[in-house]
Trainee: 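Encoded as structure tokens, here's the structure I'll be asking about.
Not measured: the values here are computed from a predicted model. Atom set for the values below is all heavy atoms of this structure, side chains included, hydrogens, waters and symmetry mates excluded.
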Amino acid sequence: MPITGAFIMPHKPTVLPQICRGEESEIQKTVISCREISKQIAVLKPDTIIITSPHSIMYTDYFHISQGRRAKGDLSKFGVDAEKFQICVEYDCDYISTLQEEAAKYGIAAGTLNEKDVCLDHGTIIPLAFIRELYDGFKLVRIGLSRLPFSDHYVFGECISKTADILESNVVFIASGGLPHEAPAKNHDGFTGEGSQHDGQIARAMRNGDFLKFLTLEETFKDESAARGLRSFIVMAGALDGKGVKSELLSYEKVSGADCAVASFIPYEINENRKFLDIYKKLEGFQYKTKVTEDEYVALAKYSIESYIKTGKITDLPLNLPKEMLERKAGVFVSLKKRGNLRGCIGTISPATGNIAREIQRNAVNAATKDPRFEPVNVAELSEITCSVDVLSPPEPVSSVDCLDHERYGVIVKCGHKRGLLLPRLEKVNSTKRQIEIALSKAGIRNDETFSIERFEVARHI
């Protein structure tokens, strides 16, 4: 059976009453949330609990799965008497064996070799201490992380889920991990702040079940200690690949200089739109194009066209677009050329969508598929298509042609319901007079008709 529940839990030792030492008020929400998680797990009654711990053994190119039949651990290094507090667990050997086989099928290096310390680490002990308060009918699989790419962590999570299916086990996943940055300033929704943008983004991703955000933060985490908790969350995301989830961020607070998040993810249905690794690979393609073209406006136009021609769907906007593209509205024209010849051009004089990025996306797809002068672009042509993007300033009326300049301004001519537009700096348009003549012809306005003129400026991206 599939994973029945997945949870993010902190491993900061001070969240335990035995260690908090006067910090009860600081950790109150975290403790309450951890106990809520233990209640949910008790209801699910899992046969097996998987814990990924940033403090288990970590190799560069290998996921370590703890071996043996049993293990125990204590918190004596944090000042807790080992005789008064100790966690003992039984490992799920069948699950561990099958998981190794499943990982090998997907080229993921994972196994039980070279464990230097068989004792449970505190990244495992802290979540188990809360769970054991209400439920003890499970076997454990303890997994360390690696320095392999985030995408490999996600695939390993998929292997964890497939193993549960193969064995028909009721499995709960615990992603043990903390967020070592300073807690962000809070606004009305509780999570924002420029000083700690990563933690704010991760917390929002937890709340919204946006696992794609976990994957796309890889390059921004230069400090390995900052990335460890995120790696744990990504394995969890892979275990829930392709499933809709009921997500809940139970708490997110600063505890002794680090941030503790507690979150719950209960899967409820198959959802093909939540195959986040596939989406991530497409985004990586967009990022590559951006680096090659050195212009994100053009890259977005080409990316939108290629995605639509290949899938028949308008894709979601890539992440990390410039603020101007997301916050500004403007009319946009997208022009396509093939071997230097026009292959399509569609645009909007004034904005028809919520921002420039959406305007580019919409008009790029329309230029490729709905320009009545051309057949729709097909897959075989994509490699030969080049794009340019013109972002228009708001039009302003002019009193005479003396206020125009065909190199600087585009023109709009109007007569009743008839309207024609021509962009500036076009090939073979070498005068303002010629620019107006073409615009009038496009609008179907005769020379003897009275018409008004507006001008606009253009930011051209090529």
Side-chain angles (χ1 to χ4, degrees), residues 6-16 27 29-31 33-34 37 49-60 63-64 78 120-130 142-154 156-157 160 173-184 191 193 195-240 247-265 276:
F7 306 92
I8 289 173
M9 297 185 73
H11 54 248
K12 190 73 176 173
T14 52
V15 303
L16 289 182
I27 65 171
K29 291 181 181 178
T30 299
V31 171
S33 298
C34 286
I37 294 298
I49 291 180
I50 312 287
I51 292 186
T52 49
S53 171
H55 292 281
S56 183
I57 188 168
M58 182 174 185
Y59 289 105
T60 300
F63 292 98
H64 189 271
F78 298 103
L120 300 178
D121 62 283
H122 73 273
T124 302
I125 292 173
I126 305 302
L128 286 180
F130 285 102
R142 179 172 67 127
I143 300 173
L145 306 170
S146 80
R147 291 185 175 85
L148 290 166
F150 279 17
S151 55
D152 285 358
H153 286 70
Y154 193 96
F156 187 48
I160 289 171
F173 191 109
I174 305 292
S176 174
L179 305 174
H181 292 88
E182 193 75 5
F191 313 100
S196 181
Q197 61 176 344
H198 302 313
D199 287 353
Q201 291 180 64
I202 294 172
R204 284 191 291 271
M206 292 176 187
R207 182 183 58 189
N208 298 327
D210 180 8
F211 300 152
L212 180 61
K213 178 62 72 175
F214 296 161
L215 285 163
T216 56
L217 287 172
E218 178 171 18
E219 291 186 359
T220 65
F221 278 84
K222 304 301 183 185
D223 181 358
E224 180 57 42
S225 66
R228 284 193 178 193
L230 189 55
R231 292 174 188 273
S232 188
F233 306 155
I234 289 172
V235 180
M236 180 203 71
L240 296 174
S247 59
E248 183 180 6
L249 180 59
L250 282 80
S251 66
Y252 178 53
E253 61 183 350
K254 181 178 177 181
V255 179
S256 300
D259 294 344
C260 288
V262 184
S264 167
F265 307 94
F276 291 112

Trainee: Calculate, to the nearest 0.5 Å, the distance between atoms CD1 and OH belonging to Ile8 and Tyr252 respectively.
Mentor: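 These two atoms lie 11.5 Å from each other.
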Trainee: What class does the angle between the rings of His64 and Tyr59 fall in, given that below 30° is parallel, 30 to 60° is tilted and above 60° is perpendicular?
Mentor: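 Correct class here is tilted.
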Trainee: Could you report the tightest heavy-atom contact between Ile234 and Leu215, atom names first, then the distance?
Mentor: CG2-CD2, 4.0 Å
Trainee: Please report the shortest heavy-atom distance between Cys260 and Thr30, naming the atom on each side.
Mentor: CB-OG1, 4.0 Å
Trainee: Using the test side-chain hydrogen bond (donor to acceptor under 3.5 Å, both in side chains), find all partners of Ser264 that sit at least two apart in sequence or belong to another chain.
Mentor: Gln40
Trainee: For the residue pair Phe233 and Ala175, what are the closest heavy atoms and their distance?
Mentor: CD2-CB, 4.0 Å
Trainee: State which residues pass ring-ring contact (aromatic ring centres under 6.0 Å, His included) with Phe7; sequence neighbours excluded, sorted by chain then number.
Mentor: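 Expected list: none.
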Trainee: Any idea which heavy atoms bring Met58 and Ser146 closest together, and the distance?
Mentor: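 Nearest pair, atom of Met58 first, then Ser146: CE-O, 3.2 Å.
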Trainee: Given the side-chain rings of Phe214 and Phe276, with only the six-membered ring counted for Trp, is the space between their centroids under 6.0 Å?
Mentor: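 Not close enough - the centres of the two rings lie 6.0 Å or further apart.
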Trainee: Going by the rule side-chain hydrogen bond (donor to acceptor under 3.5 Å, both in side chains), which residues pair with His11 if we only count those two or more places apart in sequence or in a different chain?
Mentor: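 Per chain and number, His11 pairs via side-chain hydrogen bond (donor to acceptor under 3.5 Å, both in side chains) with His55, Ser176.
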Trainee: Can you tell me how far CE of Met206 sits from OG of Ser251, rounded to the nearest 0.5 angstrom?
Mentor: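 The OG atom of Ser251 sits 10.0 Å away from the CE atom of Met206.
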Trainee: Using the test ring-ring contact (aromatic ring centres under 6.0 Å, His included), find all partners of Phe130 that sit at least two apart in sequence or belong to another chain.
Mentor: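 Partners of Phe130 by the ring-ring contact (aromatic ring centres under 6.0 Å, His included) criterion come out as none, since no residue qualifies.
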Trainee: Is a donor on one side and an acceptor on the other found under 3.5 Å between the side chain of Ser56 and the backbone of Ile143?
Mentor: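 Absent.
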Trainee: Would you confirm whether the ring centroid of Phe63 sits within less than 6.0 angstrom of the ring centroid of His153?
Mentor: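 Centroid distance His153-Phe63: below 6.0 Å, so yes.
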Trainee: What's the spacing between Leu128 CG and Ile174 CD1 if we round to 0.5 Å?
Mentor: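 Taking CG in Leu128 and CD1 in Ile174, the distance rounds to 8.0 Å.
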Trainee: Which residues pass the salt bridge (Lys or Arg N to Asp or Glu O under 4.0 Å) test with Asp121, not counting sequence neighbours?
Mentor: Arg142
Trainee: Can you give me the closest heavy-atom contact between Leu249 and Ala261, atom names plus distance?
Mentor: CD1-CB, 4.5 Å
Trainee: Checking the side chain of Ser247 only, and the main-chain atoms of Arg207 only, is there a donor and an acceptor separated by less than 3.5 Å?
Mentor: yes
Trainee: Of all the heavy-atom pairs spanning Pro127 and Gly123, show the shortest one and how long it is.
Mentor: CD-O, 3.3 Å
Trainee: Please examine the side chains of Met236 and Phe265, heavy atoms only from C-beta on, and report whether any two atoms are closer than 4.5 Å.
Mentor: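 Heavy-atom side-chain distance check passes, below 4.5 Å.
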Trainee: Please report the interatomic distance CG(Leu250) to CE(Met9), rounded to the nearest 0.5 Å.
Mentor: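 Result: 10.0 Å between the selected atoms.
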Trainee: Could you check whether any side-chain N or O of Arg231 sits under 3.5 Å from a backbone N or O of Pro54, counting only pairs where one atom can act as donor and the other as acceptor?
Mentor: no
